[in-house]
Protein chains: 4
Amino acid sequence: MEWSEKQLQILEVAEELFAEKSYEGTSVRDIAQKAEVNIAMISYYFGSKEKLLEALIEYRASYAAGVVDELEKKGITDPQRKMDRLIDFYVERILVNHRFHNIMSRQLSMISEEKLRNKMIDIKQKNMELVRKVILEGQRKKVFRKVDVDLTMATITGTISQVTLAKGYYCKLMNAEDLEFSEYISKMKTRVKTHLKQLIGAHLDIKNA
Amino acid sequence: MEWSEKQLQILEVAEELFAEKSYEGTSVRDIAQKAEVNIAMISYYFGSKEKLLEALIEYRASYAAGVVDELEKKGITDPQRKMDRLIDFYVERILVNHRFHNIMSRQLSMISEEKLRNKMIDIKQKNMELVRKVILEGQRKKVFRKVDVDLTMATITGTISQVTLAKGYYCKLMNAEDLEFSEYISKMKTRVKTHLKQLIGAHLDIKNA
Amino acid sequence: MEWSEKQLQILEVAEELFAEKSYEGTSVRDIAQKAEVNIAMISYYFGSKEKLLEALIEYRASYAAGVVDELEKKGITDPQRKMDRLIDFYVERILVNHRFHNIMSRQLSMISEEKLRNKMIDIKQKNMELVRKVILEGQRKKVFRKVDVDLTMATITGTISQVTLAKGYYCKLMNAEDLEFSEYISKMKTRVKTHLKQLIGAHLDIKNA
Amino acid sequence: MEWSEKQLQILEVAEELFAEKSYEGTSVRDIAQKAEVNIAMISYYFGSKEKLLEALIEYRASYAAGVVDELEKKGITDPQRKMDRLIDFYVERILVNHRFHNIMSRQLSMISEEKLRNKMIDIKQKNMELVRKVILEGQRKKVFRKVDVDLTMATITGTISQVTLAKGYYCKLMNAEDLEFSEYISKMKTRVKTHLKQLIGAHLDIKNA
DNA sequence: CATGAATGAGAGTTCATTCAT
DNA sequence: GATGAATGAACTCTCATTCAT
């Protein structure tokens, strides 16, 4: 799907506001005003508020997909190093797209519309497929031990999510309460990468079995 | 604070609906209707919709507090075993109160009202303080290695959150799409406990350093 | 009608709030809260909000009536001096009861309930009857000239009303914007008396014909 | 400010109902229904009920302003005649706009919103400035004696107000209880003009000093 | 006799959407 | 293709009043 400049403007603003105030807590007026377009435009361009959310998900999902493929092409064979790269990649990606990620994780448990729901699950699944593949490969190579693969994926996304969702809490822990979101993100990025690599490394390492 | 039976009824229903459709997506009408009380009762009892959320948080928070103390009194000295117990406890607690937990994690990044926000952060902090204490103790005893304590806590809550928030996704992975929430929870409970104990165990174990 | 202490308390507060925020703009809750009685008391004691207004009017009206009689008994014969005394009396009375007076003048044009409406008109009529009598007497004695008696009465009450209703305006004219109501009243009292005596004096004096 | 036809319709109806039932006693539903517009239009056009009142005041105030200038241009030099003309003008104006005038005099003592309050006081002040000017001029020319100028203005507006506010009372005095408002107004107009000219004339005339 | 609990009705406002142009 | 005007529905909250105790 191709979007006009105005449509992109709306999508960006919608993402920002949905992340900040939730889908339900954001009115199309808010979006229209911040995007400096007429209120009627949202219905006109996207059909409805719900369709706008759908469009946003489609838009971000498609954008993300390409990057996954790119990573796969790099020729790294050692499972341990592959996993480290994957963690770098996921942390980077989720933290850069933290707004979209927050919307997704909040909405996933709420959306009842079949099609959209499946779309969201599908995105999640695609994103995690790589992790599964690498883990299974490592197990085959007797480098990784037997673990709960699904929950290992839950740990990776869960840990990163936690960092984006509970900014207020972690800022307080760091005694840096009025940190801008972007500053916060860049401060946490390396910490999260290091933590997850160590965590998942020890978790998977067959020598620890 | 003591609540009457009708007030409890409202709180219970509010929790259910806030979890299901978000705070913003739930109207006081919805709550009144499901709780089978007059719509004016919500304002009458709690003052406003926001105060109802506040009351809910206070109600659930106080309920949880006692349990933490109780755990502390059990005389377990081995840090590894202590941590295992803690994980059992947290998984149990978050999964049993998954609705409240979801509300909290969704709302934490959105509530702007100072007092309520601090309350929520406070609850989170109190809940995690025990984990911090056990980790630090284990490190002192040279049983645990040096780790990022804050992020270790993020991993614990993040992993559990992930399981409650992304039911749809994990159901699909298990090919059990129409599972009731309670069935899903009981199915996941032991898996999550086992996974986290293994994960955090390997993470903290000084022998893996 | 005899009122209990609590009822009087309610009546006083009602008068204060009706004057300040109008009958419609005052809720029974406001009254109950300020009078420190249970909300249900207003309906319980007076039947309804409207009946409370009725009771208030009755209460204040009866209180005022006695004073009129008292004045009549003083043996002053000169119409000019009689009129001066009457003006003193009315200014005093309206300014002292400015709250009740404001309620009356605001409500008179709005009350549709027949009985209450008549009651209010009756009070006004009784109050003014004395003026009419003195003017007619003065005319009979060839001391006062022919004037529009009804409108002369309108001038007296209108002038005083103006002073109580437009405090903000007159305070601004006097460069004393934050004057307390009671201070304002005592400041204006003599001014209004002097003005009205001079005004009505010149108006009625047959020598000015 | 320019108003559309529908907006004017709302303003007219609002004026009518505010005058009849007071601002607080009139609901936006009442206005919408009588003006035959959707209830949401009031917020849509004016922002809120309070802003509607503000708009009404602005609308009526601006309408009146032009007329004052017009009067000033007529070349009348004799202060007595000037005052007579002014009285004719004010009586005419207040009685024609009796509804707006009533709203103003009722609301002036109640509005707490700073800006609107000042606006109202400003209107009153502008309206009365001319009277002050003429009186001072007459005093300079030794035609008028020394009087309380502010209260002389209070007398003029107070007398006219009294006539508009206490229709019920004066109708009863005239034994014409079921008079239409417009009939009542036209009946009183000349009476009020004559009365006030005589009253204020005698009041100001230096020969009566 | 007095009152806390409860309620239906209605308050002002905002919502997402539609429609005529 | 784009938009200002308009709308019905729904929102949260407060109203005056009633009723069981």
Side-chain angles (χ1 to χ4, degrees), chain A residues 4 6-7 10 14 23-33 36-53, chain B residues 4-7 10 23-33 35-53, chain C residues 4 6-7 10 14 23-33 36-53, chain D residues 4-7 9-10 14 23-33 35-53:
Chain A
S4 76
K6 271 201 174 176
Q7 284 170 316
I10 293 169
Y23 170 73
E24 293 84 3
T26 303
S27 74
V28 295
R29 262 174 188 72
D30 294 339
I31 300 169
Q33 193 175 356
E36 292 177 312
V37 299
N38 187 282
I39 317 172
M41 299 263 42
I42 277 120
S43 290
Y44 179 66
Y45 276 142
F46 299 95
S48 70
K49 192 187 172 188
E50 199 179 16
K51 294 254 182 68
L52 169 62
L53 174 60
Chain B
S4 75
E5 203 176 329
K6 275 209 171 173
Q7 284 171 315
I10 293 169
Y23 171 74
E24 293 85 1
T26 303
S27 74
V28 294
R29 264 179 183 74
D30 293 339
I31 298 169
Q33 194 172 0
E36 291 177 312
V37 298
N38 186 283
I39 193 188
M41 298 266 42
I42 275 115
S43 288
Y44 177 68
Y45 277 144
F46 299 96
S48 69
K49 191 188 173 188
E50 198 180 15
K51 293 255 184 68
L52 170 61
L53 174 60
Chain C
S4 76
K6 271 202 176 175
Q7 286 170 315
I10 293 169
Y23 170 74
E24 293 85 3
T26 303
S27 74
V28 294
R29 261 175 189 73
D30 294 338
I31 299 170
Q33 193 174 355
E36 293 176 311
V37 299
N38 187 281
I39 317 173
M41 299 262 43
I42 277 119
S43 290
Y44 178 67
Y45 276 143
F46 299 95
S48 71
K49 191 188 173 189
E50 199 180 14
K51 292 255 183 67
L52 170 61
L53 174 60
Chain D
S4 76
E5 203 176 329
K6 275 208 172 176
Q7 285 170 314
Q9 205 172 328
I10 293 169
Y23 170 74
E24 293 85 1
T26 303
S27 74
V28 296
R29 273 175 176 77
D30 293 339
I31 299 170
Q33 193 172 1
E36 291 176 310
V37 298
N38 186 284
I39 194 189
M41 298 266 44
I42 274 114
S43 289
Y44 177 67
Y45 278 143
F46 299 97
S48 68
K49 192 189 173 188
E50 197 180 17
K51 293 252 184 71
L52 169 61
L53 174 59

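Sequence lines set the chain letters: A, B, ... in the order given, protein chains first and strands last, and positions in each chain run from 1. Reckoned from all heavy atoms, side chains included, excluding hydrogens, waters and symmetry mates.
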Check your understanding: Residues in side chain to side chain donor-acceptor pair (under 3.5 Å) with A:Asp30, at least two apart?
Key ->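 With neighbours one apart ignored, the set is A:Lys21, A:Ser27.
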**Study point:** For D:Gln7, side chain to side chain donor-acceptor pair (under 3.5 Å) partners two or more places apart
**Key:**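 Side chain to side chain donor-acceptor pair (under 3.5 Å) list for D:Gln7, sorted by chain: D:Ser4.
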Indicate, with a heavy-atom threshold strictly under 4.0 Å, whether [X] touches base, sugar-phosphate, or nothing.
| X | value |
| --- | --- |
| C:Tyr45 | sugar-phosphate |
| B:Lys51 | nothing |
| C:Thr26 | sugar-phosphate |

**Study point:** D:Gln33: partners by side chain to side chain contact (heavy atoms under 4.5 Å, CB included), with sequence neighbours left out
**Key:**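 With sequence neighbours excluded, D:Gln33 shows a side chain to side chain contact (heavy atoms under 4.5 Å, CB included) to no residue whatsoever.
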Point to revise | Residue list, side chain to side chain contact (heavy atoms under 4.5 Å, CB included) with A:Val28, at least two apart or on another chain | key: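 Testing A:Val28 for side chain to side chain contact (heavy atoms under 4.5 Å, CB included), a comparison that skips the adjacent residues, returns A:Ile39, A:Ile42, A:Lys49.
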Between [N] atom [atom2] and [X] atom [atom1], what is the distance in whole Å?
| X | N | atom1 | atom2 | answer |
| --- | --- | --- | --- | --- |
| A:Met41 | F:dA5 | CE | P | 16 Å |
| A:Phe46 | F:dG1 | CZ | C1' | 15 Å |
| B:Ile31 | F:dC11 | CD1 | C1' | 13 Å |
| C:Gln33 | E:dT3 | CD | C1' | 17 Å |
| B:Glu36 | E:dG8 | CD | P | 13 Å |
| B:Glu5 | E:dG4 | CD | P | 21 Å |
| C:Glu24 | F:dA16 | CD | P | 11 Å |

Extract from the structure each pairing of a protein N or O with an N or O of nucleotides 17-21 of chain F at less than 3.5 Å, listing the distance.
residue : atom : partner : partner atom : Å
F:dT17  : OP2  : C:Lys49 : N            : 2.8

Review point. Any side-chain heavy atom of D:Tyr44 within less than 4.5 Å of one from D:Asn38?
Key: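 Side-chain contact under 4.5 Å: no.
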Point to revise | Heavy-atom side-chain contact between B:Phe46 and B:Ile10 under 4.5 Å | key: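 The answer is yes, as the side chains (C-beta and beyond) meet within the 4.5 Å cut-off.
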Exercise for review: Using the closest heavy atom to pick a nucleotide of DNA chain E for each, name whichever of B:Lys6 or D:Asp30 lands nearer the 5' end.
Suggested key: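 Counting from the 5' end, the first nearest nucleotide belongs to B:Lys6.
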Review point. Starting at the 5' end of DNA chain F, which residue's closest nucleotide do you reach first, C:Ser27 or D:Ser4?
Key: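 That would be D:Ser4.
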Review point. Name the stems that DNA chain F belongs to, where each is three or more consecutive Watson-Crick or G-U pairs with both distances under 3.5 Å?
Key: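 Looking at DNA chain F, the stems formed by three or more consecutive pairs are E:2-21 with F:2-21.
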Point to revise | Heavy-atom closest pair, residues C:Ala14 and C:Leu52 | key: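 In this case the closest contact between C:Ala14 and C:Leu52 is CB-CD2, 4.0 Å.
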Review point. Atom OG1 of C:Thr26 and atom CD of C:Glu24: how far apart are they, to the nearest 0.5 Å?
Key: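 Answer for the OG1-CD pair, C:Thr26 versus C:Glu24, is 8.5 Å.
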